[in-house]
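Below is one structure, written out as structure tokens; comments come after it.
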Amino acid sequence: VEFSGVIPEISKVVQKGDMEKDVAGKIVAKLNSIISNKASEVLTLKENEIITLKHPFQKDILITLDVLCVEKEGTYYFKNYPVKMGNNIVFVSDLYSISGVIIGVEIR
């Protein structure tokens, strides 16, 4: 999952092992690893040329998540949303909530 434009206060607290629990306290998602946590990039125009700059505050975070899915008619769902590349996903720990885009799926 890729989380883009994450504010510094959240990017500092995201860590391996963070979990999301349902209302009954059952773990439904777990952050397995942080692949990268780097400055977001911004495109700008300089002397009629497009250049890329590092954003001074926001981060792009690439992580792997294990999520508990329900299978219905060949499609997997997490919190009633299909788990497919390109779809959004929201990860909510006890401390923060971030929204990202699914960029890969592995079924186990």
Side-chain angles (χ1 to χ4, degrees):
V1 177
E2 182 174 7
F3 300 97
S4 300
V6 178
I7 60 175
E9 293 81 3
I10 293 178
S11 68
K12 290 177 187 175
V13 298
V14 172
Q15 58 186 312
K16 179 181 177 182
D18 289 349
M19 294 177 274
E20 178 173 343
K21 297 177 182 176
D22 64 11
V23 292
K26 182 179 177 184
I27 298 170
V28 294
K30 183 177 179 183
L31 197 157
N32 276 340
S33 65
I34 299 173
I35 297 168
S36 68
N37 185 346
K38 61 181 184 173
S40 297
E41 294 182 341
V42 180
L43 292 178
T44 188
L45 192 61
K46 180 180 180 182
E47 298 175 7
N48 294 326
E49 194 174 317
I50 297 176
I51 61 170
T52 304
L53 300 174
K54 302 285 185 198
H55 195 284
F57 307 111
Q58 295 180 345
K59 300 282 189 164
D60 291 342
I61 305 174
L62 187 61
I63 67 171
T64 59
L65 281 177
D66 274 347
V67 296
L68 179 62
C69 295
V70 175
E71 190 263 335
K72 297 178 191 171
E73 299 176 7
T75 301
Y76 291 92
Y77 292 84
F78 175 65
K79 298 192 287 189
N80 295 321
Y81 293 98
V83 176
K84 296 183 178 186
M85 291 174 55
N87 284 0
N88 292 325
I89 189 168
V90 177
F91 180 73
V92 182
S93 75
D94 291 338
L95 190 57
Y96 60 87
S97 174
I98 53 177
S99 178
V101 176
I102 299 169
I103 59 170
V105 176
E106 180 182 316
I107 298 169
R108 293 192 247 162

Report task. Look at atom NZ of Lys30 and say whether more than 12 heavy atoms of other residues, nucleotides or ligands are closer to it than 6.0 Å. Result -> no

Query - Donor-acceptor under 3.5 Å (Glu20 side chain, Val92 main chain) - result: yes

Report summary line: The reported gap from CG in Leu68 to NZ in Lys79 (rounded to nearest 0.5 angstrom) is 11.5 Å

Report task. Decide yes or no on side-chain contact (heavy atoms from CB on, under 4.5 Å) for Val67 and Ile89, but give the supporting numbers first. Result -> CA-CA 10 Å; Val67 296; Ile89 189 168; 4.2 Å; yes

**Report entry** Same cluster (ILVMFWY, side-chain, under 4.5 Å), Leu45 and Leu43
**Finding:** yes

Query - Heavy-atom side-chain proximity of Lys21 to Lys26 below 4.5 angstrom - result: no

Query raised in the report: Crowded around Ile51 CD1? As in, over 12 foreign heavy atoms under 6.0 Å?
Result: yes

Query raised in the report: Is there a chain of hydrophobic side chains (I, L, V, M, F, W, Y, each step under 4.5 Å between heavy atoms) that links Met19 to Ile10?
Result: no

Query raised in the report: Would you say the side-chain atoms of Asp60 pair up with the backbone N or O of Gly5, donor to acceptor, closer than 3.5 Å?
Result: yes

Query raised in the report: Rounded to the nearest 0.5 Å, what separation is found between the CD1 atom of Ile35 and the CD1 atom of Ile61?
Result: 12.0 Å

**Report entry** Path from Val101 to Phe91 over hydrophobic side-chain contacts below 4.5 Å
**Finding:** no

Report task. Nearest 0.5 Å please: distance from the CD1 atom of Ile102 over to the CG atom of Leu65. Result -> 9.0 Å

Report summary line: Between His55 and Gln58 the two heavy atoms that sit nearest each other are ND1-N, 3.0 Å

Requested in this report: With rounding to the nearest 0.5 Å, note down the distance linking OG1 in Thr64 to NZ in Lys16.
Outcome: 8.5 Å

Query raised in the report: Between CG of Asn87 and OH of Tyr77, what distance do you get to the nearest 0.5 Å?
Result: 10.0 Å

Report summary line: Per side-chain contact (heavy atoms from CB on, under 4.5 Å), Lys59 is matched among Ser11, Ser4, Ser36 by Ser11

Query raised in the report: Just one of Asn37, Ile63, Val14, Leu62 clears the side-chain contact (heavy atoms from CB on, under 4.5 Å) bar with Phe3, so which one?
Result: Ile63

Requested in this report: Apply the test side-chain contact (heavy atoms from CB on, under 4.5 Å) to residues Val42 and Thr52: give CA-CA distance (whole Å), side-chain angles for both, the deciding distance (0.1 Å), then the verdict.
Outcome: CA-CA 6 Å; Val42 180; Thr52 304; over 6 Å; no

Query raised in the report: Could you state the interatomic distance from CG (Asn32) to CD1 (Ile34), rounded to the nearest 0.5 Å?
Result: 11.0 Å

Query raised in the report: For Val105 and Met85, what are the C-alpha separation, side-chain angles and deciding distance, and is it a side-chain contact (heavy atoms from CB on, under 4.5 Å)?
Result: CA-CA 7 Å; Val105 176; Met85 291 174 55; 4.2 Å; yes

Query raised in the report: Is there a path of hydrophobic side-chain contacts, each under 4.5 Å between heavy atoms of I, L, V, M, F, W or Y residues, that connects Val70 with Ile107?
Result: no

Query raised in the report: Would a 4.5 Å heavy-atom cut-off, applied to side chains only, mark Leu53 and Lys46 as touching?
Result: no

Query raised in the report: Is there a side-chain contact (heavy atoms from CB on, under 4.5 Å) between Lys84 and Thr75 once you walk through the steps?
Result: CA-CA 9 Å; Lys84 296 183 178 186; Thr75 301; 3.9 Å; yes

**Report entry** Within 6.0 angstrom of Asn80 CG, more than 12 heavy atoms from elsewhere
**Finding:** no

